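Below, chains carry the letters A, B, ... as their sequence lines are ordered, and counting in each starts from 1. Predicted model only: the values in this text are computed from it and were never measured.
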Protein chains: 2
Amino acid sequence: MAYENLSEREKKVLSCLISYYIASADPVGSRAIANKFRLGISSATIRNTMQDLEEMGLVQQPHTSAGRIPTDAGYRFFVDTLLRQEQLNEADKLAIDSTISSMAGGVEAILDQTSRVLAELSNQLGVTISPRLDDSILSRIELIHMTEGKVLVVLAFRSGLARTILLEVDAAIGWVELAEMSRLLNEKLAGLSLGQIRASIIERLHVSGGNPRLLRLFLDRESDIWNNAAADQLHVEGTRNIIEQPEFADRRKLRELMKMLERRTDLVSLLRNYHESGSGIIITIGGENRAREIQSCSVVSATYTAGNTTGTIGIIGPTRMPYAKLVSLVKYAARQLSKVLSGE
Amino acid sequence: MAYENLSEREKKVLSCLISYYIASADPVGSRAIANKFRLGISSATIRNTMQDLEEMGLVQQPHTSAGRIPTDAGYRFFVDTLLRQEQLNEADKLAIDSTISSMAGGVEAILDQTSRVLAELSNQLGVTISPRLDDSILSRIELIHMTEGKVLVVLAFRSGLARTILLEVDAAIGWVELAEMSRLLNEKLAGLSLGQIRASIIERLHVSGGNPRLLRLFLDRESDIWNNAAADQLHVEGTRNIIEQPEFADRRKLRELMKMLERRTDLVSLLRNYHESGSGIIITIGGENRAREIQSCSVVSATYTAGNTTGTIGIIGPTRMPYAKLVSLVKYAARQLSKVLSGE
DNA sequence: TTCTGGCACTCTATTCACTAGAGTGACAAA
DNA sequence: TTTGTCACTCTAGTGAATAGAGTGCCAGAA
């Protein structure tokens, strides 16, 4: 639909209505707007305007004698054309900075902390997804003998990520063979992305030497080594914030959402998909979400870079969320993450 | 209090009452017991018995004309003397077995999956804590050069656990120095527990050679390396199960609990504490819990062994929980974990 | 002495009617 | 075009009435 022909007044009223509703969570009446905002027009005029907005599908009434609440389309219009950039306050910046200050401790720890700080500052759900390892370039692969029959495979990536996979091997494999295998793997695989490795592992290691039993463990492209390594890590925090929201007073709704959050892989691909084309902040409102369970929620998400790969972070909450603030939060956090993880 | 003098009948009635209440979540009346269980006594007799049980503090009435519900003391007595061992059904065994089948993928992945399967099978919260690393014996320490200025420290423990810590070092440190340092660290530290290392790191590395700048990073006993490595990993799953429970219909209660769950370190030490003296299954009922926020919950927990160290797993839910089933679940899961992780 | 049936009593949860209040839509006047 | 006004609608809350569950106790049976 085209909403370009909205009058100044209609825009103002919609904007006030949404701001007010975001704070109060109650349907907003014409009187409330007339009193709280000095628009210089009477409640009757606002009433008429609201009627127009309703006809355009930007607001709706829960019942005849109630105030109005924004529809998904209303939020969409608000976000697209009425939202003005908001500077993040210093306290919030500081909180994020101190969380994402250095890579010490590893990438996963930072992401875990970041999801927590996002939840804290937004009062919503904070979500972070680890960088996509498929695009990540392997810088070293190391085999460490742990105990009889157990070998630790360490994959170190340029982006600073690391994954360890425990391998159960034939007890007979010794020190020297491991070192030899390690040398071989590095020679053949270092410098490639994990995706490339998975796609061509058979060809690349085909004619090589080394212990054949050990080799076989690495050869299967569906092997645990390559699969587990590529698995995305998801961090979700702030469940307690969401419980408080009046839109989740209904336990069934809350349950639906929680169920969705526990379906990790689905959630990961959902968020990733939003950023397949292009980067920047993406706001997905209510019914725009692909997954039924979160169609009463909005998602504010962004990608960050870690070397030559990217990850996703975001905030999830009811459609009635303070978009301006959340956008600046997510944007700032993504930028800081990129800075630290890309060592820029 | 001493409850040994309970008559056979009183025990039976209490047992029936609790079983019934666990299933229904509603106060249980004398008629309900008389009808559902063939005890061969009338509801009036049961009424009298229940009055006695109430005087002893084992059951209570929410209000004058309601049925009875068990008190914490009631559950305690039930669990201590009336609970009979229950065999876990084959389907549940299978579900656990297939989760905890091999160490492939690493210990943390298993623990994550285990918390999930515990939640699933119990319809409560499933909790797992990684093995205590302080007691774990370091089998190898490896330094891997990632990119300029970044070194990955890999700690491999006998128990099959591994931790990686990213170190930011002076860019000038090279290949050879790393290898030398690596050799040094293994020589001095391998075979010691992480706790020992932390306690005596200064003495052990004092007069050693190697690059002094690099060395300094390892010397501080409060260094990120030793601290992060020792940090316990906590996995909590099944929030959605808890939401459904009628005892959490009150949002504030639910919120309190969620808050507690997000205070990870507190939760970890709470659970660990229960198992400080002795192992086996420990059931902690309602007010027996140290943390106020979970005093309307019970915890069924057990320790598992991983090499020469131990970790904790458990189930958390409202005091009205099917203790018999949960005990067998936790017991079985702990045993299987120990089997796989101790390679026994 | 112990158990049981019966009965009066208590308390809760539900229903229904009623009311106050918020908000609208529409109209006539400014 | 805007505004004040008023009749109308719908909800949320209140209070009374009621049904139902469950108890405590007593008198009689076993």
Margin query: Closest-nucleotide mapping onto DNA chain C: is B:Thr45 or B:Pro62 further toward the 5' terminus? I mean the 5' end.
Written below: B:Thr45

Notebook entry, point to check: Looking only at heavy atoms, what is the nearest atom pair of B:Met50 and B:Leu17, with distance?
Noted result: CE-CD1, 3.7 Å

Item checked: Letter per nucleotide, 5' to 3', of nucleotides 22-30 of chain C [B base touched, S only sugar-phosphate touched, - untouched; heavy atoms, 4.0 Å] -> BSBBB----

Next item on the list: Could you tell me the separation between the CD1 atom of B:Ile33 and the P atom of D:dG22, rounded to a whole number of Å?
Entry: 11 Å

Note to self: Could you check whether B:Tyr323 and B:Ser298, counting side-chain N and O atoms only, form a donor-acceptor pair closer than 3.5 Å?
What the structure shows: yes

Check: Where do A:Gly126 and A:Ala119 come nearest, in terms of heavy atoms and distance?
Finding: N-CB, 3.7 Å

Next item on the list: Specify the separation, in whole Å, of atom CG of A:Leu39 and atom C1' of D:dT1.
Entry: 17 Å

Next item on the list: Let me know the distance between CD of A:Glu10 and P of D:dT2, rounded to the nearest Å.
Entry: 11 Å

Next item on the list: Work out which heavy atom in A:Pro62 is nearest to a heavy atom in A:Pro27; give both atom names and the distance.
Entry: CG-CG, 3.9 Å

Item checked: Residues, nucleotides or ligands: over 12 heavy atoms within 6.0 Å of B:Arg31 CZ -> no

Checklist line | Protein-nucleotide distance (A:Arg9, atom CZ; D:dT3, atom P), rounded to Å | finding: 7 Å

Next item on the list: Scan residues 323-334 of chain A for pairs that pass salt bridge (Lys or Arg N to Asp or Glu O under 4.0 Å), counting only residues two or more places apart or in two chains.
Entry: A:Asp92-A:Lys325

Next item on the list: Grab the CD1-P distance between A:Ile46 and D:dT1 for me, whole Å please.
Entry: 18 Å

